[in-house]
Every structure is written in C-alpha cells, then in structure tokens.
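First comes the structure, then the notes that go with it.
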Amino acid sequence: MLQLIFTEYLFDQFPSLSEGQLTKIRARIVSREGLRVLAERIGVGKYLMMGRGEEASGGRERASTLSTLSRR
C-alpha cells in the first residue's frame, strides 16, 4: 500500500522526472532505512505497546521494529 501512495505522490510532485528516476526515489523511501527515518521523525515509538523487557532493551527506537510497523 505504501508503494502505491508514494508512487502517486511522487508522480504528482515531480511530473518532469522519468519513470526510472521516480522508481529509485520511491524505493529509497519505502526501504527499511527510509521507513525507520520516517517513523522516528513522527515519533511512532512512543505509541507502541510492548512489554517491559522489550522497552528496557530499546524496543521503541529499534530500527527493525520501527521499519516493520511502517510496512504493515
């Protein structure tokens, strides 16, 4: 779903770019690292429900947690 949303957004915002250029930009945004950065920027971690052990071990900031949540 995210790929569809970002594809439409990028196409609307950058109509002069080629399909290949838009695809590269979209791939970067929906990559694990891209999703982690976006999740951190909007503060997703503070809204997660998790056990005390997970929280104590840095679960709210863990890249794998933030990027996976963003893909669901």
Side-chain angles (χ1 to χ4, degrees):
M1 191 65 177
L2 283 176
Q3 287 192 26
L4 175 64
I5 293 167
F6 281 115
T7 298
E8 186 172 334
Y9 173 79
L10 291 170
F11 185 76
D12 288 342
Q13 295 297 308
F14 305 102
S16 63
L17 295 181
S18 71
E19 181 181 348
Q21 291 171 310
L22 293 171
T23 299
K24 287 179 183 179
I25 294 169
R26 187 201 64 214
R28 215 180 228 164
I29 292 170
V30 298
S31 69
R32 182 176 182 167
E33 180 63 13
L35 293 174
R36 181 196 61 78
V37 169
L38 291 172
E40 283 180 349
R41 188 175 296 161
I42 63 173
V44 169
K46 64 185 171 185
Y47 299 104
L48 299 177
M49 293 180 62
M50 59 182 57
R52 285 181 270 179
E54 180 71 14
E55 187 170 1
S57 68
R60 292 190 187 284
E61 294 83 31
R62 187 171 294 119
S64 60
T65 303
L66 293 175
S67 63
T68 302
L69 289 170
S70 301
R71 289 182 179 188
R72 290 183 183 168

Backbone of [Y] reached by a side-chain donor or acceptor of [X] within 3.5 Å:
{"X": "R36", "Y": "S31", "answer": "no"}
{"X": "Q21", "Y": "S18", "answer": "yes"}
{"X": "R60", "Y": "L48", "answer": "yes"}

Rounded to the nearest 0.5 Å, how far apart are [atom1] of [X] and [atom2] of [Y]?
{"X": "K46", "Y": "E61", "atom1": "NZ", "atom2": "CD", "value": "12.0 Å"}
{"X": "I29", "Y": "L10", "atom1": "CD1", "atom2": "CG", "value": "4.5 Å"}
{"X": "L22", "Y": "F11", "atom1": "CG", "atom2": "CZ", "value": "8.0 Å"}
{"X": "L4", "Y": "Y9", "atom1": "CG", "atom2": "OH", "value": "15.0 Å"}

Determine, using the 4.5 Å side-chain heavy-atom cutoff (strictly less than), whether [X] and [Y] are members of one ILVMFWY cluster.
{"X": "I25", "Y": "V37", "value": "no"}
{"X": "V30", "Y": "L17", "value": "yes"}
{"X": "M50", "Y": "I42", "value": "yes"}

Problem - Student check: side-chain heavy atoms of E8 and D12 closer than 4.5 Å - result: yes
Handout entry: Residues E33, R28: salt bridge by 4.0 Å N-O rule
Key = no
Practice task
Taking all non-hydrogen atoms of both residues into account, name the closest pair between S57 and E54 and its distance.
Solution key: OG-O, 3.0 Å
